[in-house]
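Basis for what follows: all heavy atoms, side chains included, without hydrogens, waters or symmetry-related copies.
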Amino acid sequence: QVQLVESGGGSVQAGGSLRLSCTASGYTYSSNYMGWFRQAPGKEREGLAAIWVGRNSTTYTDSVKGRFTISQDNAKNTVYLQMNSLKPEDTAVYYCAANIGRAYSSGYVPLLEYEYNYWGQGTQVTVSS
């Protein structure tokens, strides 16, 4: 079955960096999209960054552009989220997600929660001021 395992969360001071990893198994890794989401206490889950695995196309939400970078290592079936210049408001549980088996019009990379059908368990990121 499909499994997504996140790692790399932790505590960091404002201005610091963390890199999250998500390793996928149980399906053909190259045939889908991968995304990173987060959910802070009392807030809805929001999409941060996504990548079209087959073409390496990416998309970002405005609040993380220039600070976060999504990338992948096909040989390891792993997607990363490099987070720099972290702020206290980045504190949340971060989730990796996979969109498997869905097709979109040319160039579109999904970043909405309902567009993803498999989810990891989440990893906590805490940024202190």
Item to complete: Of all the heavy-atom pairs spanning N74 and V53, show the shortest one and how long it is.
Response: OD1-CG1, 3.8 Å
Worksheet entry | Any donor-acceptor N/O pair, E6 side chain to G122 backbone, under 3.5 Å | yes
Response to the item:
Shortest non-hydrogen pair, M34 vs A24, comes out as CE-CB, 4.5 Å
Worksheet item: Going by distance alone, is a donor N or O of one side chain under 3.5 Å from an acceptor N or O of the other, for E115 and Y108?
Response: yes
Worksheet item: Once you round to the nearest 0.5 Å, how far does CG of N56 lie from OG of S71?
Response: 8.5 Å
Worksheet item: Does a donor on one side chain sit under 3.5 Å from an acceptor on the other, for Y94 and R38?
Response: yes
Worksheet item: Atom CZ in R19, atom CD in Q82: separation rounded to 0.5 Å?
Response: 7.0 Å
Worksheet item: At their closest point, which heavy atom of V125 faces which heavy atom of G9, and how far apart are they?
Response: CG2-CA, 4.2 Å
Discussion item. Do V2 and I100 make a side-chain contact, defined as non-hydrogen atoms from C-beta onward lying under 4.5 Å apart?
Written reply: yes
Item to complete: Nearest 0.5 Å please: distance from the OH atom of Y80 over to the SG atom of C22.
Response: 10.5 Å
Worksheet entry | Residue pair K43 / Q39: nearest heavy atoms and the distance that separates them | O-NE2, 3.1 Å
Worksheet item: Where is the tightest heavy-atom contact between A49 and L81, given as atom of each residue plus distance?
Response: CB-CD1, 4.1 Å
Practice prompt. Check step by step if side-chain contact (heavy atoms from CB on, under 4.5 Å) holds for T91 and Q124.
Written response: CA-CA 8 Å; T91 295; Q124 176 71 44; 4.0 Å; yes
Practice prompt. Indicate whether the side chain of S17 and that of N84 have a donor and an acceptor atom separated by less than 3.5 Å.
Written response: yes
Worksheet, complete the sentence: The side-chain contact (heavy atoms from CB on, under 4.5 Å) partner of Y33 among V79, N99, T59 is N99
Worksheet item: Are L20 and V127 grouped together when hydrophobic residues (ILVMFWY) are joined by side-chain heavy atoms under 4.5 angstrom apart?
Response: yes
Practice prompt. Consider only side-chain heavy atoms of I, L, V, M, F, W and Y, link residues closer than 4.5 Å, and tell whether I70 and L86 are in one cluster.
Written response: yes
Discussion item. Just verifying a value: how many Å separate T126 OG1 and D90 CG, rounded to the nearest 0.5 Å?
Written reply: 11.0 Å
Worksheet entry | Point-to-point distance, once rounded to the nearest 0.5 Å, from OG of S21 to NZ of K76 | 9.0 Å
Discussion item. With a 4.0 Å cut-off on N to O distance, would you call K65 and D62 a salt bridge?
Written reply: yes
Worksheet item: Angle class for the Y116/F37 ring planes (parallel below 30°, perpendicular above 60°, tilted otherwise)?
Response: perpendicular
Worksheet item: Rounded to the nearest 0.5 Å, how far does OG of S85 lie from CZ of F68?
Response: 9.0 Å
Fill in: Option passing side-chain contact (heavy atoms from CB on, under 4.5 Å) with V109 (candidates W52, Y60, Y104)
W52
Item to complete: Using modelled atom types only, decide if a donor and an acceptor are shared between the side chain of R67 and the backbone of S63 within a distance under 3.5 Å.
Response: yes
Discussion item. Within a 6.0 Å radius of atom CD on Q121, are there more than 12 heavy atoms belonging to other residues, nucleotides or ligands?
Written reply: no
Item to complete: Answer yes if W36 and I51 sit in the same cluster of Ile, Leu, Val, Met, Phe, Trp and Tyr residues linked by side chain heavy atoms under 4.5 Å apart, and no otherwise.
Response: yes
Worksheet entry | Heavy-atom pair with the smallest gap, counting every atom of P110 and A50 | O-CB, 3.2 Å
Fill in: Close side-chain approach of R45 and W119, heavy atoms under 4.5 Å
yes
Discussion item. Can you confirm whether the side chains of T23 and T78 place a donor and an acceptor under 3.5 Å from each other?
Written reply: yes
Fill in: N32 versus Y118, side-chain donor and acceptor atoms under 3.5 Å
no
